[in-house]
Amino acid sequence: MTTMTRPVALPPGPTAPRAVQGAYALTFPLRGMRRLRERYGDAFTVNVPIFGNAVVISSPTEIKQLFTSGPDLVDNLEVNLGRVLGPRSMFALSGDEHKRQRKLLVPPFHGRRLAAYEKIVEEETIRELASWPEGRAFATLPSMMRITLNAILRAVFGAEGAEFAELRELLPPFVTLGSRLAVVPISKKGRFSPWRRFERMRREYDTIVDRLIAKARPDGDDVLAMMLQTRYDDGTGLSREEISDQLLTLLTAGHETTATTLAWAVERLRRHPAVMRAIAEDDKLLDATILEVQRTRPVIDLTARQVKQDGFQLGRWTLPKGYAVLVSIALIHDDDAVFPHAATFDPHRFAGARPDLYQWIPFGGGTRRCLGAAFATMEMTVVLRTLLRDFTLVPTTEPDERWHSRGVAYAPAKGGRAVVRRRTTGGDS
């Protein structure tokens, strides 16, 4: 008996060659997506480097169906961040193996464990803010990068002393290079390929992690110590390769993206002084403000799956095996039908309510939703709370900062420029 497969039904899309579509996507990443939606609707088919043949969706119904489909239907992309982060990273694993590792890594990022890291984030924030100049404009993104890097090195890696200093120096260029290699189709062959430099840095990173594993305390509160203590159902522990790849994944997913969102928060707040005043009167609005920054300025534009079974039915479409499905985060966040007056920065839309996780998706969704989402949210809350407690952000009427691609993440083009005044004990200075 044969199984009947529905005929392929793809949404319309551009017909230009892959190289042309790829050049367009790199040159006009966000604007290009919006233009394609205007022309073809909320779903369209593209053919671009890295992803190949892909369907881009931004309908809440189809996004929910994609995120709730099992790994036998759609799963991890075969070509993704895993080639940069390592074969044992969460981005490289699929199916049962992904589920097995994710189950082990969830506990360190929730409950009392998460609360224990707040002090570390506040300490790093206070240390960094002490160097902020008053009364003149400066980019906040470098500061946010240092805060999130130091916090992760302490809370996740348990790094101190020589290893802390070495990782602080190594990781920024390492992550920047890896971020670019993840989205640009560069061959690994050739003597002068950037991959050669990346591989040298990876070996240096692995050596430092080996030393941290050897020095880890069995009763430590950092994530590395917990990784060493955790066990699979059969009693075996994580291998050195698994630990190394997962630590790099947590760092990459939680360092640059969180810092970039914080820089965008500064950029947004300076242009919306009424929101700053409202936060001062009701600190509960801070949570809603962070949600709205992530909605209006998502630092990651796409989350993706790959079709594993011929004839996968996704809403109106029937997709063939091997196609990628790209969820456009920016397009659904910009949709007036989903978020009324979507172009308006208005944290009150989230006041007292949690967002629908099939519509507000800066952390992705489904079984591949960012493992460190709760940790990142805690970091952003502590950093902004401390910043607004100790400083006044001087409002500005300058135009919005443009989006600038840093590889994987989109940052404010001027680095989230700020002018600040330090608060005194009795109020504003």
Side-chain angles (χ1 to χ4, degrees), residues 84-86 89-90 105 108-109 113-131 140-179 198 201-230 238 240 242-263 370-383 386 406 408-409:
V84 170
L85 300 174
S89 79
M90 295 296 288
L105 296 173
F109 294 100
R113 294 286 193 182
L114 197 61
Y117 303 139
E118 288 191 19
K119 187 167 184 276
I120 290 174
V121 177
E122 184 173 11
E123 288 172 355
E124 293 300 335
T125 304
I126 292 170
R127 181 179 292 115
E128 180 62 32
L129 297 186
S131 65
T140 58
L141 182 57
S143 279
M144 300 308 184
M145 289 284 194
R146 286 188 288 269
I147 291 169
T148 59
L149 177 61
N150 290 351
I152 283 182
L153 290 181
R154 291 177 60 190
V156 175
F157 286 70
E160 56 186 14
E163 289 79 19
F164 182 83
E166 290 171 34
L167 285 170
R168 276 187 65 181
E169 183 176 347
L170 170 67
L171 288 172
F174 184 36
V175 170
T176 298
L177 178 58
S179 178
F198 181 81
M201 296 168 90
R202 174 64 200 239
R203 287 193 293 271
E204 188 178 346
Y205 160 80
D206 285 336
T207 299
I208 299 170
V209 170
D210 285 345
R211 283 162 34 205
L212 287 172
I213 290 173
K215 294 170 69 172
R217 299 191 314 272
D219 60 344
D221 282 333
D222 55 85
V223 174
L224 171 57
M226 283 181 268
M227 282 184 175
L228 292 170
Q229 296 164 24
T230 195
L238 291 165
R240 202 281 304 168
E242 287 173 322
I243 290 172
S244 188
D245 284 0
Q246 297 303 2
L247 287 175
L248 185 57
T249 300
L250 294 170
L251 172 92
T252 305
H255 157 47
E256 182 176 8
T257 52
T258 303
T260 304
T261 301
L262 285 165
C370 176
L371 189 67
F375 184 90
T377 301
M378 176 276 293
E379 270 193 294
M380 291 186 284
T381 302
V382 172
V383 172
T386 306
R406 291 174 54 89
V408 171

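If you're wondering where the values come from, they're calculated on a predicted model, not measured in any experiment.
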Approximate separation, where rounding is to 0.5 Å, of Asp245 CG and Leu250 CG: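 The CG atom of Leu250 is 11.0 Å from CG of Asp245, to the nearest 0.5 Å.
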So, for Pro172 and Leu167, which heavy atoms are closest and what is the spacing to 0.1 Å?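 What the structure gives for the nearest pair is CD-O, 4.0 Å.
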Do the non-hydrogen side-chain atoms of Val223 and Gln246 ever get within less than 4.5 Å of each other?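 No, side chains not in contact.
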From CD (Glu124) to OG1 (Thr386), nearest 0.5 Å: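 If I round to the nearest 0.5 Å, the distance is 11.5 Å.
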Say you draw a straight line from CE of Met226 to CG of Leu238; how long is it, rounded to the nearest 0.5 Å?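 If I round to the nearest 0.5 Å, the distance is 12.5 Å.
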Rounded to the nearest 0.5 Å, how far apart are OG1 of Thr260 and CG of Leu141?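 Taking OG1 in Thr260 and CG in Leu141, the distance rounds to 5.0 Å.
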Taking Glu379 as the fixed residue, which of Thr261, Val121, Leu114 is the one that meets the side-chain contact (heavy atoms from CB on, under 4.5 Å) rule?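 Testing each of Thr261, Val121, Leu114 against Glu379, the sole residue satisfying side-chain contact (heavy atoms from CB on, under 4.5 Å) is Val121.
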Thr230 side chain vs Met227 backbone, donor-acceptor pair below 3.5 Å: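 Judged by distance alone, no pair lies under 3.5 Å.
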Testing Leu153, Asp222, Leu224 for side-chain contact (heavy atoms from CB on, under 4.5 Å) with Leu212, which one passes?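 For Leu212, the side-chain contact (heavy atoms from CB on, under 4.5 Å) check succeeds only for Leu224.
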Chi angles and distances behind the side chain to side chain contact (heavy atoms under 4.5 Å, CB included) call for Met145, Thr176: CA-CA 12 Å; Met145 289 284 194; Thr176 298; over 6 Å; no
Has the side chain of Thr148 got a donor or acceptor atom that lies under 3.5 Å from a matching backbone atom of Met144?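 Yes: the side chain of Thr148 pairs with the backbone of Met144.
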Determine whether Leu248 and Phe174 make a side-chain contact, defined as any pair of heavy atoms from C-beta on separated by less than 4.5 Å.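 Yes. Closest side-chain heavy atoms under 4.5 Å.
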Roughly how far, to the nearest 0.5 Å, is the CD1 atom of Ile208 from the CD1 atom of Ile213?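 Result: 12.5 Å between the selected atoms.
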Any side-chain hydrogen bond (donor to acceptor under 3.5 Å, both in side chains) involving residues 156-169? Give me the pairs, sequence neighbours left out, ordered by first then second residue.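 Those involving residues 156-169 are Asn150-Arg168, Glu163-Arg211, Glu163-Lys215, Glu166-Arg211.
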So which atom in Ala216 and which in Leu228 form the shortest heavy-atom distance, rounded to 0.1 Å?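 Reported closest heavy-atom pair: CB-CD1, 3.4 Å.
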Judged by atom type as modelled, is there a donor-acceptor pair below 3.5 Å linking the side chain of Tyr117 to the main-chain atoms of Arg154?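 No; zero donor-acceptor contacts below 3.5 Å.
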Do Thr258 and Phe375 come close enough that some side-chain heavy atom pair is under 4.5 Å?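 Side-chain contact under 4.5 Å: no.
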What is the minimum heavy-atom distance between Arg240 and Asp210, and which atoms define it?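 Where Arg240 meets Asp210 most closely, the heavy atoms are CD-OD1, 2.7 Å.
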Where is the tightest heavy-atom contact between Ser143 and Glu128, given as atom of each residue plus distance?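 Taking every non-hydrogen atom into account, OG-OE2, 2.7 Å.
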Measure the CD-CG distance between Glu204 and Leu170 for me, rounded to the nearest 0.5 Å.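 Between atom CD of Glu204 and atom CG of Leu170 there are 4.5 Å.
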Checking salt bridge (charged side-chain N to carboxylate O under 4.0 Å, His left out) for the pair Lys119/Glu123: CA distance, chi angles, key distance, verdict? CA-CA 6 Å; Lys119 187 167 184 276; Glu123 288 172 355; 2.9 Å; yes
